[in-house]
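Just below is one structure, and these are the notes that go with it.
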Amino acid sequence: MLTSEYLTCPDLFADTVVDWQKTDGRNALPWQQDPSPYRVMVSELMLQQTQVTTVIPYFQRWMQKLPDIHALAAADTDTVMALWQGLGYYARARNLHKAAKYIVFDLGEFPFELNDLLTIPGIGRYTAGAIRSFAYDAYGPIVDGNVRRLFCRLFGIEGVPTTSAVDKKLWALADALTPKQNNRRFAQALLDLGATVCKPKQADCLSCPLQTQCVAFNTGRVAELPTAKPKKMTPTKAGHFLWIEQGDKLLLQKRPDSGIWADLWSLPQVDETAESLLQAKLQGQFQHVFSHYKLDASVWHPVSGVSEPAGSSWYNKEQVLEIGLPAPIRSWIEKNWLKKS
DNA sequence: CACTCGTGGAA
DNA sequence: TTTCCAAGAGT
């Protein structure tokens, strides 16, 4: 790694990005108002691998329904999953629910120390540092996608950033560059720089406050850093779902507490060798793309008289709106049921 | 360490 | 249309 003025004088780095953030950063995001530990935790869990514009309406709805950690700790699973429905990565919702119960019933108060925050379900090194910074305005190093990109370019770090060797370097830099004061604005500055200036493509180097010190900019390698990781082929899987209507109700099944769409309600899914498919009629098909595979889904009308799958319940058109459904299943139900008179 | 875990915005 | 990838964590 090239030596940088910022490494010998970390305060210079902090002062530079903090000053930039005051005038050019984002300062009106919903979770920046009343940044209590609870609000910061909820926002950070929602923001994991999810864009700000996607999270905002979910965060608003969540806070209206579950305004404090005691409300969340007392809520039931279906309420939590319904509020999360459509956001994806549903383990985050389960972990957030567990976290609230753990903090309220076991700890008694929201932790302050990094090591204590790390014992909370769903909170890893990044999120622990983010809660320290945003909720307590205390020392809390963060390395997320934004910081990885920013540091790889600024210090000319080679190698795929998610490998352990590079990851270790990035955290060492974050530990060293994070100041002892102004942590809330400092952390926001790193995220804002990565999101609005040091972008993955079309980096806006001309308006970057770190430009003169940036190794990638000074060597013309902004487009090459960080090193892209080799992409792998994603497999396609087939899924078979049952459409079973009775009167004004539709049969839905609670999915298991692990695996894809865990704890959500869905059309009952069966193996392609299932007896219920033997004389079933195909209602239609759709495709859905996940991060790691593609799903070719078929929806079947089984012959009448098939036994109800375990863990299934009947829902009418109003009840279906209030439970957590996978996005493509909800979409299918809307098109084929709700919008049909 | 490699894999699992969603969805949608943006180029 | 395809591709990337986003305030990552758990196993």
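All chains are named by letter (A, B, ...) in the order of the sequence lines, taking the proteins before the strands, and each is independently numbered beginning at 1. Heavy atoms only: backbone and side chains are in, while hydrogens, waters and symmetry mates are out. No experiment lies behind these values; they were computed from the predicted model shown.
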Query raised in the report: Mapping A:Gln202 and A:Phe290 to their closest nucleotides on DNA chain B, which lands nearer the 5' end?
Result: A:Phe290
Requested in this report: Take the angle between the ring planes of A:Phe151 and A:Phe155 and call it parallel below 30°, perpendicular above 60°, tilted in between.
Outcome: perpendicular
Query raised in the report: Taking the same atom, P, in C:dT3 and in B:dG6, what whole-Å distance lies between them?
Result: 23 Å
Query raised in the report: Is A:Val55 touching bases, backbone alone, or none of the nucleic acid, heavy atoms closer than 4.0 Å?
Result: nothing
Query raised in the report: Residues in side chain to side chain contact (heavy atoms under 4.5 Å, CB included) with A:Glu322, at least two apart?
Result: none
Query raised in the report: Reading nucleotides 6-11 of chain C from the 5' end, what letters show protein touch, with B for base, S for backbone sugar-phosphate only, - for no heavy atom under 4.0 Å?
Result: BBBSS-
Query raised in the report: C:dA7 and B:dA11: how far apart are their P atoms, nearest whole angstrom?
Result: 14 Å
Query raised in the report: Is the distance from OP1 or OP2 of C:dC4 to the nearest side-chain N or O of A:Lys231 less than 4.0 Å?
Result: yes
Query raised in the report: On DNA chain B, nearest-nucleotide positions of A:Lys237 versus A:Tyr58: which is more 5'?
Result: A:Lys237
Requested in this report: Name the first nucleotide and the last nucleotide along DNA chain B (5' to 3') that come under 4.0 Å of a heavy atom in chain A.
Outcome: B:dC1 to B:dG9
Query raised in the report: How is the hydrophobic cluster of A:Val160 composed, in terms of its other members, when Ile, Leu, Val, Met, Phe, Trp and Tyr link through side-chain heavy atoms under 4.5 Å apart, directly or indirectly?
Result: none
Query raised in the report: Going by the ring pair (Phe, Tyr, Trp, His ring centres under 6.0 Å) test, which pairs reach into residues 32-59 of chain A, not counting sequence neighbours?
Result: A:Trp31-A:Phe59
Report task. Sort and list the pairs that fulfil ring pair (Phe, Tyr, Trp, His ring centres under 6.0 Å) and have at least one residue in residues 121-141 of chain A, not counting sequence neighbours. Result -> A:Phe112-A:Tyr136
Query raised in the report: Given a cutoff of under 4.5 Å between side-chain heavy atoms of I, L, V, M, F, W and Y, with clusters grown through shared members, what are the other residues clustered with A:Leu251?
Result: A:Leu242, A:Ile244, A:Val270, A:Leu277, A:Leu282, A:Trp300, A:Val303, A:Val306, A:Trp314
Query raised in the report: When we call it a touch if two heavy atoms are under 4.0 Å apart, what does A:Thr163 touch: a base, just sugar-phosphate, or nothing?
Result: nothing
Query raised in the report: Which ILVMFWY residues are connected to A:Val222, directly or by a chain of links, through side-chain heavy atoms under 4.5 Å apart?
Result: A:Phe217
**Report entry** Listed partners of A:Pro161 passing side chain to side chain contact (heavy atoms under 4.5 Å, CB included), at least two apart
**Finding:** A:Arg148, A:Cys152, A:Val166, A:Leu170, A:Pro226
